[in-house]
Asks: 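Structure below; questions to follow.
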Amino acid sequence: MSFDLVLFGGTGDLAWRKLMPALFQAFRHGSLPKDGRIVGVARDDLSDDQYRELIQSRFNAVEGAKRPSAEEFEKFASLLHYLRMDLSKPADYARLADLLKQRNADTVVMYVATAPALFTQVVEQVAAAGLNGPATRIVLEKPLGHDLASNRAINAAVCKVFEEKQVFRIDHYLGKPSVQNLFAMRFGNALFEPIWRREHIANIQITIAEDLGVEKRGAFYDQTGALRDMVQNHALQLVCAIGMEPPINSHADAIRDEKLKVLRALKPWTSETLGLHAIRGQYTAGTAYGERVPGYRDEPGVDPESRTETFVALRTEIANWRWAGVPLYIRTGKRLASRDARIEVNFRPTPHAIYRAPSGAVNKLVINLQPKDGLELHMLAQAQDNRQRNGHSAAQLAPVQLDLDFDKRFGAERVGAYERLLLDVIDGRLNLFVRSDEQEEAWRWVEPLIDSWASDGGPRPYAAGTWGPSASSAMIARDGFSWGEEQ
Ligand code: BG6
């Protein structure tokens with residue numbers, strides 16, 4: 001099978017950091033179809049060779065085993081080409097069409113990794129140049145819009161010229177091996193399904209914590225914030241994976257139909273819940289990796305009076321028969337105490353106690369997404385020497401855990417998220433991509449937060465290197481629970 005992959009934004013941050021390394025890994029693993037071209041598109045005036053050199057210089061900065069040898073790079077570089085384009089000029093799309101016609105590849109992937117403001121223009125021009133034929137697949141990076149209306153406008157422009165099955169909306173969390181393991185755990189095993197419901201589960205906590213700040217993306221991030229950057233997409237996709245009903249099969253639409261139902265079932269915001277169940281914060285100067293780091297407002301590219309949130313904590317519920325009444329907490333932020341993405345499913349206590357048990361959640365399933373990829377099942381057990389030590393008849397049980405480490409079991413060098421997703425686009429597999437209705441529903445749900453935050457008192461400060469504003473712990477404490485790692 002032959003393919004052409006056109007990368008709009010070919011010299012941008014995403015291309016360097018994620019896409020090129022992922023394409024190289026796919027090439028190295030032998031999974032990229034042999035007969036392919038990767039065409040970087042940007043405004044800079046570069047030859048193919050200069051583009052290859054630029055990419056090689058970036059690869060040379062990579063540490064360790066992921067860095068290609070000169071020989072490996074040379075082989076990979078033979079796939080790389082470059083086309084200078086002004087994305088507003090129809091004549092430049094005609095040149096792209098000429099380049100693609102040279103080969104008439106079986107599959108043409110148009111990866112739009114540009115600033116979101118250009119998405120509609122690129123899609124329309126691609127179609128005007130006749131490049132939206134059945135062999136074409138279009139890949140759109142997040143964020144797709146900045147609110148429901150802009151998201152709809154982009155989707156409408158895309159759907160005018162492409163069929164939904166040609167549109168690959170990326171959420172790279174769906175490509176992570178750990179997230180696929182979450183699907184496998186739920187739908188490849190019968191073990192958890194009977195207890196995966198309100199009768200047995202006390203609460204669910206989703207945490208996506210980053211210890212990094214906004215790095216060099218201050219200008220972008222300041223227009224975006226944690227709600228649009230992480231909650232509307234990654235966190236809500238995790239909510240779907242945890243909360244959805246088993247799909248009838250593994251086809252893309254069967255999965256996406258079930259995810260959509262979860263998004264539709266999320267409790268709508270009211271003026272009361274907006275006040276009590278939605279906390280946002282912004283980091284101030286603090287410590288990361290043992291060093292002093294600046295506050296968000298002092299980061300390059302950020303408005304010194306910025307009201308953009310770098311932390312969000314929410315409480316919601318999936319209002320359906322399976323989940324009614326089970327609090328679902330979502331928390332994400334930059335410059336938190338550690339890099340840690342996990343889902344904690346806290347089970348209800350035993351109905352009648354014959355042991356003296358430690359307080360707090362005793363049975364919980366922790367789905368570690370990163371940096372570890374695995375499962376932990378927390379339980380109580382009777383320690384051997386318990387009786388002698390305590391001398392009580394009502395024995396004290398000790399917490400223990402079953403620990404499954406997928407990196408150890410399957411090797412840490414598994415296919416990365418972008419590698420997996422890029423290969424899926426080339427193969428035409430839509431399972432791990434987001435449908436327009438899902439995306440719109442997610443925007444619909446976050447929009448009241450956007451609106452109410454536009455005019456309130458602004459985010460609460462928290463020191464870099466902590467777990468966010470104390471209001472986040474207070475929110476969960478009102479329900480009688482606490483965030484996992486703070487127990
Ligand atoms: C991206 C966000 O989508 O996800 C970034 O734009 C964030 O701000 C990143 O850092 C987190 O991804 P990962 O894979 O490092 O958890």
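In listed order, ligands and their atoms are each counted from 1. Basis for what follows: all heavy atoms, side chains included, without hydrogens, waters or symmetry-related copies.
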Asks: Under a plain distance cut-off of 3.5 Å, with no hydrogens placed, do N151 and D147 share a side-chain donor-acceptor pair?
Replies: no
Asks: Does a donor on one side chain sit under 3.5 Å from an acceptor on the other, for Q439 and Q232?
Replies: no
Asks: Would you say the side chain of K75 lies within less than 4.5 Å of the side chain of F27, judging by non-hydrogen atoms?
Replies: yes
Asks: Excluding sequence neighbours, so at least two apart, what forms side-chain contact (heavy atoms from CB on, under 4.5 Å) with A26?
Replies: S31, L32, E419, L423
Asks: Strictly under 4.0 angstrom, heavy-atom based: which residues surround ligand 1?
Replies: K142, H172, Y173, K176, E210, R217, D229, M230, H234, K334, R339, Q370
Asks: Ignoring hydrogens and geometry, is there a side-chain-to-backbone donor-acceptor pair from E317 to L266 under 3.5 Å?
Replies: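 Not at all, since once roles are kept as given, no pair shorter than 3.5 Å links the two residues.
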Asks: Whether the side chain of R186 engages the backbone of M244 through a donor-acceptor N/O pair (distance < 3.5 Å, no angle test) should be reported.
Replies: yes
